[in-house]
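Written out below as structure tokens is the structure these notes cover.
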Amino acid sequence: MSYDPQELEAEWRERWAESGRYEADPDGRDDEAGEARRASNRSSGDDEEPRDATFVTVPYPYPSGGMHIGHARTYTVPDVYARYRRQQGDNVLFPIGWHVTGTPIIGAVERLKKGEEEQLSVLRDTYNVPEDTLEELETPMGFARHFIENHYKQGMRQLGLSIDWRREFTTNDERYSKFITWQYETLKERGLLEKGLHPVNYCTNEEQPVTTHDLLEGEDAEYQEYTLIKFRASQRDAERASGDGTEPRAEDDGTIYPMATLRPETVRGVTNAYVDPDATYARAIVDGEEWIVSEEATEKFDLQARDVSVEETFEGAELVGEHVTNPVTGEEILIIPADFVDTDNATGVVMSVPAHSPDDWVALEEAKARADDLTEYGVDPDEVRAIEPRAILTIEGYGEFPARDAVEEHGVDSANDPALEEATQELYNREFHQGELIEEYGEFAGEVIEDVRDELKAHYQSQGAFDSMYDFAEEVVCRCGGDVEVSEQETWFLRYNDEAWSEKVLRAIENLDAIPETTREQYTHTVDWLEEWPCIRNYGLGTRLPWDDEFVIEPLSDSTIYMSYYTIAHRLEDVPPEAMDKDFFDTLFYGADAVDNPDERALELREEWDYWYPVDYRCSANDLISNHLTFFLYHHAELFEEEQWPQGITSMGMGLLEGEKMSSSKGHVVLPDEAIEEYGADTVRFFLLNSSEPWQDFDWRADEVGSTRDQLERFWNRAIDVIEAPEGERDLETIDRWLLAQLQETVRDVTDAMERFETRTASQHAFYRFEEHLKWYRRRADLDRPGSRWTLRTVLETRLRLLAPFIPFMANELHERLTGEPAEDVPWPEPVPEFEDRAVVAQESLVEDVLEDVRDIVDVTDTDPETIRLYVAADWKRDVLDTVIDVGPNQGQVMGEVMQNDELREKGDAVNQLVGDLVSFVRERDDETLATLSEIDERAVYEEAADFLAREFDADVEVYAEDGDPVDPDGKASQAQPFRPAIHLE
RNA sequence: GCGAGGGUAGCCAAGCGGUCAACGGCGGCGGACUCAAGAUCCGCUCCCGUAGGGGUUCGUGGGUUCGAUUCCCUCCCCUCGCACCA
């Protein structure tokens, strides 16, 4: 009966689907499927004891594309745990749903409808969507449905995931929306939602907010908050202007020239300003003040919720030569022209801090060099040449003007030198972390920038000297071709920085089983820096904001407590959506007393919710810790009682394909159904769970998957041999007991590992490590003996149960053939005390040691011995060992003790040497091992193994006692030490 | 920069104070079986070695210890997250 995974797996899938094997209902709430199942389930069939409810979840898939092998692991990890807990006797619920909220699916559909080549290629080539099906994908839910049904669901079924399919839903379902509506109404009522302004990426062409996915250029661009330093027009210019007849720009000192910087602390180092003389600037009334900024900037301010009216526009050249006053120092500075000014960046009026900015240093040098040319703008060249850098901080390792040092050190020779960028980066960094402000900064003097920047900024902001704006550092373009700017929009926020709320979450984190443990700190850290979260969007699939249906609740905000929805999702058919109002859910989650007139149906559902909740384990991904998983904790902490808070979260690593990141757009993915077709589902599962622990990254390498498949096939063939051989009887020899002892150890190791989600360790022990034991056993034992056959059957049965969570198809099939029942229907193994035997394990390792030593000698001497003589150490040596064990591994003390004995004293140096060796021997072993060893009759062990060794080396094997007057041609016998026999080959 | 994780033999990867030249897998080499190939089984796979031995190793440089791959510190390098994106 050869291994045919396709056929075998198809049968089991069929069987599971037909019997509703994984449909889980609360004990006591029986349906027919549950009855039938329990009747066939030995572990929980007759005894009355209720099973523990275990609830495992995994983030519902987002079907904006197909499923790949990385997803396969994500969903198989909880499946393995679910299967394990079922064998442990638990009632286990593992449900799944579909997340369609937000814009990615809509975006994908749009791109498809536009006929974008890249999108078509992903659909056609990566995900094998048939040409005539493409049309069905042209609506968002049509698109989602396709991937749900043809990819995810199919992949999950093929993998053998033990999902209760009755409970699936999408987040666009009417009833689900009712549930989310309840959630947000409740949060609003509790004051955890807040309305406010928030910066978003905004397409100026489409006139709407856009997501990262919508961007053509600048996908990685992040907007920054610039500080605006509000320089004011100087009186002097007004006078001068009226004197010489040119149009005065600054009629009075109320006109403001906002200059943007990311380093507000440099305000005291500004020596001059730059404008682009050829660009267009504007005089605008901004929030009631008169501002001079670039024309582009007026649009930005308008988008950023400021009240802007442009009074007039003019050339930048008109600003050149004017003077403005520093709002902090009161100093006047000169505006000069520069071609490097980008008017589309921030305000288009640039301040210059030559002492601390290599860019500005170089620019000033160049400005001075061409000062004479500036007369054409009416600028006095001497005034330009008189501009001196002004230092505002001190930093170790630099002179008065750090920018000059940086420029010199990096050998920057012009404004276009690439080294300038490097010099700037380095200096900005160092100044930020090490620079100390000079005395003029008063309360901030002597402080390191890093510590006071925010405070300093707030200080001047409150005085009206500073303001702020958002802008990108690079150009950002929408897929529609439109310019993307930062806009401030009215939005609703979840107040994740609310102190009382955060406190509760921190408590939830404390009590959480965070796997691996190192993630706990990441949760705490996230809670610490999390601010308000804008929880709505202007468009997308999902639930409308209950009190303003212009907005949709965004994906990370409608997926925080949906695990509770699984508990009732399959029983809502008879509840009309309109009945699912606030009272309904209050009753469901808070009980009959929570409302005046509790809905009977809700009360009934409440029992099931209560039965399954809390979530025992959520298996998720590392990169979701800082948002989804923390939000999940937030909402549970607020909306549910502490007993219903999540018990555990397992964070998973990501997947690589042949050492590289997977990418569906490049077609660099492996689809589960292709992999399953090629290798079988058991192989795919086993590879995914065995090649690394869940939280580590894994690497799908085809040749290793292939070799995993070979290993499983070999396992299958051996198992079939055992199953088909006569049963044998329990008539055990030492080597059988040795194998059974190893089996108990394995059961223990595997169980411990499973409890900690260590799927790699567990499957390694159950499979590979035990294969090593079997390898040895096959060499050592006579496999035709009835006792051996009994042993091999026992071992196989236990291992199949241990492996059933990993390779359920094969393990169930083989177990059923062996015992008449599938492995999943019998209990998880426990160590059998009768077979635990440290002594037999220790003895066997002596045999392994001797085998290895003899082989070493054979190799080194390149001989083929006819006779192998083993000499077991003399009794007195054993006595010395006992002394070392008694006294402890201390050379001096042991010698003192040993020298009391006249006989030993006579042996002199030999004893000293022996004690030295035995001291390290003892030091390297724990007490239990030593105790086990001291019970062993070493000579008997070798005598029993003599036949085996003779077979291995095709030689005669003689065992002697060193002190029994042995045949000793080369005088080797005296080399014997306890547990290390002397060896002679001839 | 901040937070987290990691750097182990040709590759992947375990070990996390002594039993470690370091589990296991892949690849490579040799042998058995076979007409042959595949599969399977056995052995070898840092260097040296005609007796089970010796030498040098676990990113770098220090330190703690009788003893460190394992603990502490320095530095270098890599990966992930840092938000309104699922």
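Note that the coordinates shown come from a computational prediction; the quantities given were computed from them, not determined experimentally. Residue numbers begin at 1 in each chain, while the letters A, B, ... track the order of the sequences.
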Could you go over nucleotides 38-40 of chain B and give all protein N or O partners under 3.5 Å, atom names and distances?
from: B/rU40; atom 1: OP1; to: A/R714; atom 2: NE; distance (Å): 2.9
from: B/rU40; atom 1: OP1; to: A/R714; atom 2: NH2; distance (Å): 2.3

Could you list all N or O pairs between the protein and nucleotides 14-19 of chain B that sit under 3.5 Å apart?
from: B/rA14; atom 1: OP1; to: A/Q696; atom 2: OE1; distance (Å): 3.4
from: B/rA14; atom 1: OP1; to: A/Q696; atom 2: NE2; distance (Å): 2.8

Close N or O pairs between protein and nucleotides 2-12 of chain B (under 3.5 Å):
from: B/rA4; atom 1: OP1; to: A/E521; atom 2: OE2; distance (Å): 2.6
from: B/rA4; atom 1: O2'; to: A/Q522; atom 2: NE2; distance (Å): 3.0

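Only the P atoms considered, B/rC23 is 15 Å distant from B/rG18, to the nearest whole Å. Across the P atoms, B/rA39 and B/rG30 are found 16 Å apart, a figure rounded to whole Å. Look at the C1' atom in both B/rU40 and B/rC33: the space between them is 9 Å, to the nearest Å. B/rA22 and B/rU69: their P atoms are spaced 13 Å apart (whole Å).
Among the candidates A/L933, A/I885, A/T932, the single residue satisfying the side chain to side chain contact (heavy atoms under 4.5 Å, CB included) test with A/R925 is A/L933.
In this structure, A/Y470 has no side-chain hydrogen bond (donor to acceptor under 3.5 Å, both in side chains) partners at least two apart in sequence or on a different chain. Applying the side-chain hydrogen bond (donor to acceptor under 3.5 Å, both in side chains) criterion to A/Y562, with sequence neighbours excluded, gives A/R618. Listed by chain and number, the residues in a side-chain contact (heavy atoms from CB on, under 4.5 Å) with A/T761 are A/E693, A/A753, A/E758, A/H765 (sequence neighbours excluded). With sequence neighbours left out, A/E531 forms a salt bridge (Lys or Arg N to Asp or Glu O under 4.0 Å) with no residue at all. In this structure, the salt bridge (Lys or Arg N to Asp or Glu O under 4.0 Å) partners of A/E194, at least two apart in sequence or on a different chain, are A/R495. Every residue was checked against the side-chain hydrogen bond (donor to acceptor under 3.5 Å, both in side chains) condition with A/Q304, not counting sequence neighbours, and none meets it. Remark: A/Y777 pairs with A/D736, A/S788 by the side-chain hydrogen bond (donor to acceptor under 3.5 Å, both in side chains) rule, at least two apart or across chains.
In this structure, CG of A/D558 is placed 10 Å from P of B/rA86, rounded to the nearest angstrom. Between the CZ atom of A/F687 and the P atom of B/rA13 there is a distance of 11 Å, given to the nearest Å. What separates CG of A/D697 from P of B/rG81 is a distance of 11 Å, to the nearest Å. The distance between atom CD of A/E772 and atom P of B/rG24, rounded to the nearest whole Å, is 5 Å. The nearest whole Å value for the distance from the CD atom in A/E658 to the C1' atom in B/rC26 is 12 Å. Atom CZ in A/F147 sits roughly 18 Å away from atom P in B/rA86 (whole-Å rounding). Here the C1' atom of nucleotide B/rG24 and the CG atom of A/N690 are 9 Å apart, to the nearest Å. Rounded to an integer number of Å, the gap from A/F767 CZ to B/rG25 P is 11 Å.
Relative ring orientation between A/H71 and A/Y75 is described as parallel, the plane-to-plane angle staying below 30° on a 0-90° scale split at 30° and 60°. Using cut-offs of 30° and 60° for the angle between ring planes, the A/F767 and A/F715 rings count as tilted.
Aromatic ring centroids of A/F770 and A/W776 lie 6.0 Å or more apart. Here A/F493 and A/H198 bring their ring centres to under 6.0 angstrom of each other.
Mapping A/D623 and A/I536 onto RNA chain B by nearest heavy atom places A/D623 closer to the 5' end of the strand.
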**Report entry** Secondary structure of RNA chain B in dot-bracket form (Watson-Crick or G-U wobble, distances below 3.5 Å, | marking inter-strand pairs)
**Finding:** ((((((((.[[[..)..(.....]]]((((((.......))))))(((....)))...[.[[[..)....]]].])))))))....
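With hydrogens and angles disregarded, a donor-acceptor distance shorter than 3.5 Å links the side chain of A/T683 to the backbone of A/Y679. Between the A/Q977 side chain and the A/L914 main chain, no donor and acceptor come within less than 3.5 Å of each other.
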**Report entry** Working for ring pair (Phe, Tyr, Trp, His ring centres under 6.0 Å), residues A/W533 and A/F631
**Finding:** CA-CA 10 Å; A/W533 180 267; A/F631 297 177; 4.8 Å; yes
**Report entry** Sugar-phosphate or base contact per nucleotide [nucleotides 42-58 of chain B; S, B, -; heavy atom under 4.0 Å]
**Finding:** SS-----BSBBS-----
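Side chains of A/S692 and A/R73: a donor-acceptor N/O pair is present below 3.5 angstrom, by distance only.
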